[in-house]
Amino acid sequence: MTVYTRKLFTLAFIREGDKVLLGFKKRGFGQGRWNAFGGKVEPGETTEEGAIREVREEAGVEVVGGVEKVGELEFTFEGDTTLMHVIVYHARGYTGTPTESEEMKPQWFNVDNIPYTKMWPDDELWYPIYLRGGKFRGAFHFRGYDQILSQKLEEVQTL
Ligand SMILES: Cc1cc(-c2ccco2)c2oc(N)nc2c1
(Lines give C-alpha, C1' and ligand atoms only; values in the text may rest on other atoms or scores of the structure.)
Protein backbone atom coordinates (compact mmCIF):
# COMPACT_ATOMS: atom_id res chain seq x y z
CA MET A 1 0.00 0.00 0.00
CA THR A 2 1.56 3.30 -1.12
CA VAL A 3 1.75 6.23 1.33
CA TYR A 4 0.99 9.40 -0.66
CA THR A 5 2.00 13.01 -0.07
CA ARG A 6 -1.19 15.05 -0.58
CA LYS A 7 -0.92 18.38 -2.38
CA LEU A 8 -3.88 20.73 -2.62
CA PHE A 9 -4.90 22.32 -5.91
CA THR A 10 -7.92 24.21 -7.22
CA LEU A 11 -9.75 24.36 -10.51
CA ALA A 12 -12.35 27.04 -11.16
CA PHE A 13 -14.98 27.32 -13.89
CA ILE A 14 -16.51 30.48 -15.28
CA ARG A 15 -19.76 30.05 -17.20
CA GLU A 16 -21.84 32.41 -19.31
CA GLY A 17 -25.08 30.68 -20.34
CA ASP A 18 -24.16 27.78 -22.64
CA LYS A 19 -20.51 28.78 -22.77
CA VAL A 20 -17.69 27.85 -20.42
CA LEU A 21 -14.36 29.65 -20.21
CA LEU A 22 -11.29 27.42 -20.50
CA GLY A 23 -7.61 28.26 -20.68
CA PHE A 24 -4.94 26.77 -22.93
CA LYS A 25 -1.93 26.02 -20.70
CA LYS A 26 1.09 27.57 -22.43
CA ARG A 27 3.80 26.16 -20.13
CA GLY A 28 4.44 24.07 -17.06
CA PHE A 29 2.26 21.26 -15.75
CA GLY A 30 -0.53 20.37 -18.17
CA GLN A 31 1.09 22.39 -20.97
CA GLY A 32 -0.68 22.04 -24.31
CA ARG A 33 -4.08 21.21 -22.82
CA TRP A 34 -7.25 23.21 -22.22
CA ASN A 35 -8.32 23.28 -18.59
CA ALA A 36 -10.26 25.32 -16.08
CA PHE A 37 -8.21 27.89 -14.20
CA GLY A 38 -6.30 26.77 -11.15
CA GLY A 39 -3.13 25.67 -9.49
CA LYS A 40 -1.49 25.08 -6.13
CA VAL A 41 -3.07 26.43 -2.97
CA GLU A 42 -0.46 28.67 -1.29
CA PRO A 43 0.32 28.53 2.43
CA GLY A 44 -1.92 30.91 4.39
CA GLU A 45 -4.78 31.02 1.86
CA THR A 46 -8.01 29.06 1.86
CA THR A 47 -8.85 26.90 -1.13
CA GLU A 48 -11.56 29.41 -2.11
CA GLU A 49 -9.04 32.28 -1.95
CA GLY A 50 -6.61 30.19 -3.99
CA ALA A 51 -9.23 29.51 -6.65
CA ILE A 52 -10.14 33.20 -6.91
CA ARG A 53 -6.43 34.16 -7.09
CA GLU A 54 -5.78 31.67 -9.89
CA VAL A 55 -8.71 32.98 -11.94
CA ARG A 56 -7.30 36.51 -11.56
CA GLU A 57 -3.74 35.45 -12.43
CA GLU A 58 -4.54 33.05 -15.28
CA ALA A 59 -7.61 34.59 -16.92
CA GLY A 60 -7.30 38.24 -15.89
CA VAL A 61 -10.86 38.48 -14.54
CA GLU A 62 -12.19 39.10 -11.04
CA VAL A 63 -14.59 36.62 -9.46
CA VAL A 64 -17.79 38.33 -8.25
CA GLY A 65 -20.05 36.71 -5.66
CA GLY A 66 -17.52 34.10 -4.61
CA VAL A 67 -17.13 30.49 -5.71
CA GLU A 68 -19.10 27.38 -4.89
CA LYS A 69 -17.56 23.92 -4.57
CA VAL A 70 -18.80 21.53 -7.25
CA GLY A 71 -16.36 18.63 -6.97
CA GLU A 72 -13.35 16.95 -5.45
CA LEU A 73 -10.83 15.00 -7.53
CA GLU A 74 -7.78 12.96 -6.56
CA PHE A 75 -5.01 12.24 -9.06
CA THR A 76 -2.21 9.73 -8.50
CA PHE A 77 0.51 8.51 -10.85
CA GLU A 78 2.09 5.09 -11.19
CA GLY A 79 5.55 5.14 -9.60
CA ASP A 80 5.00 8.50 -7.86
CA THR A 81 4.01 9.19 -4.25
CA THR A 82 2.28 12.54 -4.93
CA LEU A 83 -1.49 12.69 -4.59
CA MET A 84 -3.03 15.79 -6.21
CA HIS A 85 -6.18 16.71 -4.29
CA VAL A 86 -8.06 19.10 -6.56
CA ILE A 87 -11.02 21.11 -5.27
CA VAL A 88 -13.23 22.14 -8.21
CA TYR A 89 -15.19 25.40 -8.01
CA HIS A 90 -17.74 27.30 -10.03
CA ALA A 91 -17.51 31.07 -9.96
CA ARG A 92 -20.92 32.69 -9.27
CA GLY A 93 -19.96 35.66 -11.44
CA TYR A 94 -17.06 37.59 -12.84
CA THR A 95 -16.10 41.02 -14.08
CA GLY A 96 -13.56 42.06 -16.66
CA THR A 97 -12.49 40.62 -19.98
CA PRO A 98 -10.60 37.31 -20.15
CA THR A 99 -7.03 38.14 -21.07
CA GLU A 100 -4.14 35.95 -22.14
CA SER A 101 -1.47 35.56 -19.48
CA GLU A 102 1.99 33.99 -19.60
CA GLU A 103 0.37 30.80 -18.29
CA MET A 104 -2.95 30.61 -20.07
CA LYS A 105 -4.77 31.65 -23.22
CA PRO A 106 -8.49 31.92 -22.29
CA GLN A 107 -11.25 31.06 -24.76
CA TRP A 108 -15.04 30.54 -24.56
CA PHE A 109 -16.37 27.13 -25.57
CA ASN A 110 -19.97 26.07 -26.12
CA VAL A 111 -20.87 23.33 -23.64
CA ASP A 112 -21.64 21.11 -26.66
CA ASN A 113 -18.19 21.66 -28.11
CA ILE A 114 -15.69 21.08 -25.32
CA PRO A 115 -12.28 20.17 -26.84
CA TYR A 116 -11.89 16.92 -24.86
CA THR A 117 -9.21 15.52 -27.22
CA LYS A 118 -6.98 18.45 -26.16
CA MET A 119 -7.69 18.10 -22.44
CA TRP A 120 -6.79 15.78 -19.57
CA PRO A 121 -8.37 12.34 -20.23
CA ASP A 122 -10.45 12.42 -17.02
CA ASP A 123 -12.32 15.56 -18.11
CA GLU A 124 -14.72 13.85 -20.51
CA LEU A 125 -15.83 11.66 -17.59
CA TRP A 126 -16.73 14.32 -15.03
CA TYR A 127 -17.41 17.48 -17.09
CA PRO A 128 -20.89 16.20 -18.05
CA ILE A 129 -21.82 16.05 -14.33
CA TYR A 130 -20.53 19.60 -13.72
CA LEU A 131 -22.14 20.97 -16.91
CA ARG A 132 -25.59 19.79 -15.84
CA GLY A 133 -25.19 21.29 -12.38
CA GLY A 134 -24.25 18.12 -10.50
CA LYS A 135 -21.61 17.62 -7.83
CA PHE A 136 -18.99 14.89 -8.01
CA ARG A 137 -16.17 13.02 -6.31
CA GLY A 138 -13.58 11.23 -8.43
CA ALA A 139 -10.19 9.53 -8.21
CA PHE A 140 -8.01 8.74 -11.21
CA HIS A 141 -4.76 6.74 -11.23
CA PHE A 142 -2.55 7.64 -14.19
CA ARG A 143 0.27 5.94 -16.07
CA GLY A 144 2.14 8.98 -17.35
CA TYR A 145 -0.09 11.90 -18.30
CA ASP A 146 -2.25 10.29 -20.96
CA GLN A 147 -3.42 6.90 -19.67
CA ILE A 148 -5.90 6.30 -16.86
CA LEU A 149 -5.16 2.93 -15.23
CA SER A 150 -8.08 2.98 -12.79
CA GLN A 151 -10.80 5.35 -11.78
CA LYS A 152 -13.65 6.00 -9.39
CA LEU A 153 -16.32 8.63 -10.09
CA GLU A 154 -19.62 9.27 -8.40
CA GLU A 155 -22.19 12.03 -8.52
CA VAL A 156 -22.94 13.23 -4.99
CA GLN A 157 -25.64 15.40 -3.45
CA THR A 158 -23.37 16.99 -0.87
CA LEU A 159 -19.59 17.48 -0.88
C1 LIG B 1 -3.47 14.70 -13.30
C2 LIG B 1 -4.39 15.87 -13.50
C3 LIG B 1 -4.07 17.12 -12.94
C4 LIG B 1 -4.93 18.20 -13.12
C5 LIG B 1 -4.68 19.51 -12.51
C6 LIG B 1 -3.52 20.23 -12.48
C7 LIG B 1 -3.78 21.40 -11.77
C8 LIG B 1 -5.06 21.34 -11.37
O9 LIG B 1 -5.64 20.20 -11.86
C10 LIG B 1 -6.08 18.01 -13.88
O11 LIG B 1 -7.06 18.90 -14.23
C12 LIG B 1 -7.94 18.19 -14.96
N13 LIG B 1 -9.03 18.74 -15.50
N14 LIG B 1 -7.58 16.91 -15.09
C15 LIG B 1 -6.39 16.77 -14.43
C16 LIG B 1 -5.54 15.69 -14.25
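Counting convention: from 1, in listed order, for ligands and their atoms alike. Computed from a predicted structure; not experimentally measured.
Of the residues listed (R6, K152, R137, M84), the one engaging E74 in a side-chain contact (heavy atoms from CB on, under 4.5 Å) is R6, and it is the only one.
Of the possible donor and acceptor atoms, one in the side chain of T99 sits under 3.5 Å from a partner among the backbone N and O of T97.
Open room surrounds NZ on K40; 12 or fewer heavy atoms of other groups in view lie less than 6.0 Å from it.
Using a 4.0 Å cut-off between charged nitrogen and carboxylate oxygen, E103 and K26 do not count as a salt-bridge pair.
Taking the six-membered ring where the residue is Trp, F13 and Y130 present parallel rings, their angle staying beneath 30° rather than reaching 60°. Between Y94 and W108, the ring-plane angle classifies as tilted under the 30° and 60° cut-offs.
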Would you tabulate the polar-atom pairs, meaning N/O of ligand 1 against N/O of the protein, with distances under 3.5 Å, reported to 0.1 Å?
| residue | atom | partner | partner atom | Å |
| --- | --- | --- | --- | --- |
| ligand 1 | 11 (O) | N35 | ND2 | 3.1 |
| ligand 1 | 13 (N) | N35 | OD1 | 3.2 |
| ligand 1 | 13 (N) | D123 | OD1 | 2.7 |
| ligand 1 | 13 (N) | D123 | OD2 | 3.3 |
| ligand 1 | 14 (N) | D122 | OD1 | 3.0 |
| ligand 1 | 14 (N) | D122 | OD2 | 2.9 |
| ligand 1 | 14 (N) | D123 | OD1 | 3.3 |

